[in-house]
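Below is one structure, written out as structure tokens; comments come after it.
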Amino acid sequence: MSNCTDTAVSCDLLVIGGGSAGMWAAHRFAELMPGRSIVIVDKGPRDWGGLMTMAGGDFDAVMPGENVDDWLKDLVYYFDGLCDQPLMREVLLRSRERFADYQKWGCEFFTREDGTLKSVPQRGLANVRLYPAKLKGRGGEHMVRALVSQLKNHGVKRYGRIMITDLLTKDGRVTGAVGFNSLDGTFMSFRAKAVIAATGVGGWKTSYGKNTPTGESSEMVWKAGAVLRDCEFCRVWNMPRYFGWEGQTALMPLGGRFVNALGESFMEKYSPVLGPNTDPHYTTIAMAMEIRAGRGPLRFDISRINPDDMILLRPQTGWQLLNYEKLRDLGMDLFRDNTEWMPQMTISYGGMDADLYGRTAAEGLFAAGTARNMEPGVYAGGFALMSTSVTGHLAGEGAARYLQGLESTDEGVDQDEKELRAEIMAPLHRATGLAPKDVQTRIQSAVFPYDVSILKTEEALSRALAEIRRIREEEIPALAASDPHYLLKAREVRGMAFISELYLTAALERRETRAGHYREDYPQRDNSRYLAWLELSSDGMGGVNKTWKPVPVDTYPIPVTSYYQDNFDFSEK
């Protein structure tokens, strides 16, 4: 246990989260407010760049000559109507600028022999496509290096290994945050005139690429007064059974497909129109049904992929190449064999409700990237790097505008920081208690069953919710940590329990099937009640306020007339 001296830091802008959205937010703020002090804190290493470092580097962008509204129509259709059209249109409008910035900074993308960019269509949509990074396996890492270089030029200060646990407020305005150094236990206090949360989402620590978002950020913004929505939607992904891997986004359009134990390419049964080239959330519903019917195990068939296209997929350098070579030495070669795959619960899509420039219901708090809600449980490849860069850019603008109009610069706080410190460090002072890993396993065991995470039913969701509430009441207060590293793990598990309860609460409320949310007991879409966002907020007494906010289809430019969901039939096969 550490006895290190507390550390206090003051700045104009505090950015929580050092990934794509956080770095873009800091970059844009610095452009608009030169000379102002900016601090980025991240619970990972200072320069690691969040999950962007783990990304392949594929990027969606509306290119010159293309119509933004054509892309927007695709996404309104793909999201089954749950699309914030003004926000999405702005994201698409700015996507080309962010793509050009990356190119200007030296990030390279695949080109054809004639020098034009090579693109890969997504999810059977007419217009949405991604542009693959040239160096597969290191595209995201190169993006991180480019942004870090820009931040150094702006004089942005960055702190790593800092777990932020609570936001500070003064008279209802967010004025900073507190947390601790997970290496030495130093208590950290940050005072700021504006705060941008670019912390990602909640999740369940299922694989290498989704090991860091665990929900602690959702809990802290919730307590500060932010509103969360889309909590009923989660990313349920296809993964090889024995190891985590990326790449099916590009594999499917090039001919990849899943087959069952009978050798059948089963997606054609569930979607004769789209077949295998569809969104993974629909594929995982079919996978769960095939397994339940006794037609597992399921394998990924690469026999129809042109060998010349493998260069788009096979890692050439970096950590992905290292992983690939280790797996190949163990006899598992994703690019040679038909490997066994399965559905996997990964992260929540619940995020803060915010305006175009990231402003939330809590004054002084802005949301960027996947910390704000964007997608209703479906995902096009390359969308994350596009949306995090643009929403980070927008949040940086929003924070700059806020500071330009801010009359009071009082950075005082209402909380007693000594009490906060004692509460945060409490697990370190328990001689005995529960290990974070054991509690995490029980949370996963409650949420992961197929009837809770994929083929959802009232009975299963209610059962899981009762167990998560028991864990939050009985086990979370009993967590113990032997050192600051395990204190971080304890806080992550607490966040995981929090986001699990919101997920189950929201999933029970949406009694229909839409986009990435499939209710087996309510398999039809119900526009009369649920063409709306479910907004969750704290009632101030430990409970949850639940409000349905209808999508304003009468004022949006793109009418909601067709639905991606209608391409599928999941009745018993």
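All heavy atoms count here, side chains included; hydrogens, waters and symmetry mates do not.
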Flag, side chain of D12 to backbone of R36, donor-acceptor distance under 3.5 Å: no
Stepwise side-chain contact (heavy atoms from CB on, under 4.5 Å) test for V221 and T360: CA-CA 10 Å; V221 300; T360 72; over 6 Å; no
- prompt: Judged by atom type as modelled, is there a donor-acceptor pair below 3.5 Å linking the side chain of N373 to the main-chain atoms of G350?
  reply: no
- request: State, with a plain yes or no, whether a side-chain heavy atom of V378 is found less than 4.5 Å away from one of R123.
  value: no
message: Within the structure provided, determine whether E375 and F233 are in side-chain contact (heavy-atom separation under 4.5 Å).
response: no
message: If I take atom CG from residue L32 and atom CG from residue L403, how far apart are they, to the nearest 0.5 angstrom?
response: 11.5 Å
- request: Kindly compute the distance separating CD (Q344) from OG1 (T284), expressed to the nearest 0.5 Å.
  value: 11.0 Å
- prompt: Which pair of non-hydrogen atoms, one from R28 and one from E31, has the smallest distance, and what is that distance?
  reply: NH1-OE1, 2.9 Å
- prompt: Would T206 and M239 count as a side-chain contact (heavy atoms from CB on, under 4.5 Å) if you check the C-alpha gap in whole Å, the side-chain angles of each, and the deciding distance to 0.1 Å?
  reply: CA-CA 10 Å; T206 50; M239 282 287 178; over 6 Å; no
- prompt: Are the side chains of D84 and M374 in touch, meaning some heavy atoms are under 4.5 Å apart?
  reply: no
message: If we ignore hydrogens and angles and just use 3.5 Å, is the side chain of S95 paired with the main-chain N or O of V62 as donor and acceptor?
response: yes
- request: Go through the steps for V148 and R158 under the test side-chain contact (heavy atoms from CB on, under 4.5 Å), then give the verdict.
  value: CA-CA 10 Å; V148 166; R158 291 171 295 122; 3.8 Å; yes
message: Using only atom types and a distance under 3.5 Å, with no angle test, would you say the side chain of R372 pairs donor to acceptor with the backbone of A354?
response: yes
L385 side, atom CG; R98 side, atom CZ - distance, nearest 0.5 Å: 13.5 Å
query: Nearest heavy-atom pair of N238 and P280: which atoms, and what distance?
result: ND2-CB, 3.5 Å
message: Whether E423 and R494 form a salt bridge (side-chain N of Lys/Arg under 4.0 Å from carboxylate O of Asp/Glu) is what I want to check.
response: yes
task: Using modelled atom types only, decide if a donor and an acceptor are shared between the side chain of Q122 and the backbone of G381 within a distance under 3.5 Å.
output: yes
- prompt: Does E492 come within less than 4.0 Å of K205, counting only side-chain N to carboxylate O?
  reply: yes
message: Measuring only between side-chain heavy atoms, which start at C-beta, is V195 closer than 4.5 Å to F190?
response: no
Salt bridge present between R491 and D166 (N-O < 4.0 angstrom): yes
E141/R145 ion pair, N-O < 4.0 Å: yes
message: Main chain of A515, side chain of D80: is a donor-acceptor contact present, judged purely on distance under 3.5 Å?
response: yes
- line: Output for pair (Y77 OH, I558 CD1), nearest 0.5 Å, gives 15.0 Å
statement: Taken to the nearest 0.5 Å, the spacing of I40 CD1 from K157 NZ works out to 13.0 Å
- prompt: Among V9, T7, D42, whose side-chain contact (heavy atoms from CB on, under 4.5 Å) with Y159 holds?
  reply: V9
query: Quick one: are R191 and V413 in side-chain contact, heavy atoms under 4.5 Å?
result: yes
- request: Go through the side-chain N and O atoms of Y357 and R401 and say whether any donor and acceptor fall under 3.5 Å apart.
  value: yes
message: Ring-plane angle category for F59 and F99, please: parallel below 30°, perpendicular beyond 60°, tilted otherwise.
response: tilted
message: Please check if the number of heavy atoms outside R359 that lie under 6.0 Å from its CZ is greater than 12.
response: no
- prompt: Between G369 and T388, what is the shortest heavy-atom contact and its length?
  reply: CA-CG2, 3.9 Å
task: Please check if any side-chain donor atom of H281 sits under 3.5 Å from a side-chain acceptor atom of D279, or the reverse.
output: yes
query: L117 and R112: which non-hydrogen atoms are nearest, and at how many Å?
result: O-NH1, 2.6 Å
task: Give a yes or no on this: more than 12 heavy atoms of other residues, nucleotides or ligands lie within 6.0 Å of atom OH of Y556.
output: yes
- line: Scanning both residues in full, the closest heavy-atom pair of A192 with L13 reads CB-C, 4.4 Å
task: Determine yes or no for a side-chain-to-main-chain donor-acceptor pair under 3.5 angstrom, with Y379 supplying the side chain and A384 the backbone.
output: yes
task: Please tell me if the side chains of Y102 and L147 come closer than 4.5 Å, counting only heavy atoms from C-beta onward.
output: yes
message: Please give me the minimum heavy-atom distance between F29 and G396, naming the atom from each residue.
response: CD1-O, 3.7 Å
task: Go through the steps to decide whether D171 and D414 satisfy the test side-chain contact (heavy atoms from CB on, under 4.5 Å), and finish with yes or no.
output: CA-CA 7 Å; D171 299 328; D414 293 326; 4.1 Å; yes
query: Any side-chain heavy atom of T212 within less than 4.5 Å of one from K43?
result: yes
message: Within the structure provided, determine whether T391 and V91 are in side-chain contact (heavy-atom separation under 4.5 Å).
response: yes
- prompt: How long is the span from the CG atom in L51 to the OG atom in S20, to the nearest 0.5 Å?
  reply: 10.0 Å
Passing option when Y78 is tested against W71, Y564, F383 for ring-ring contact (aromatic ring centres under 6.0 Å, His included): Y564
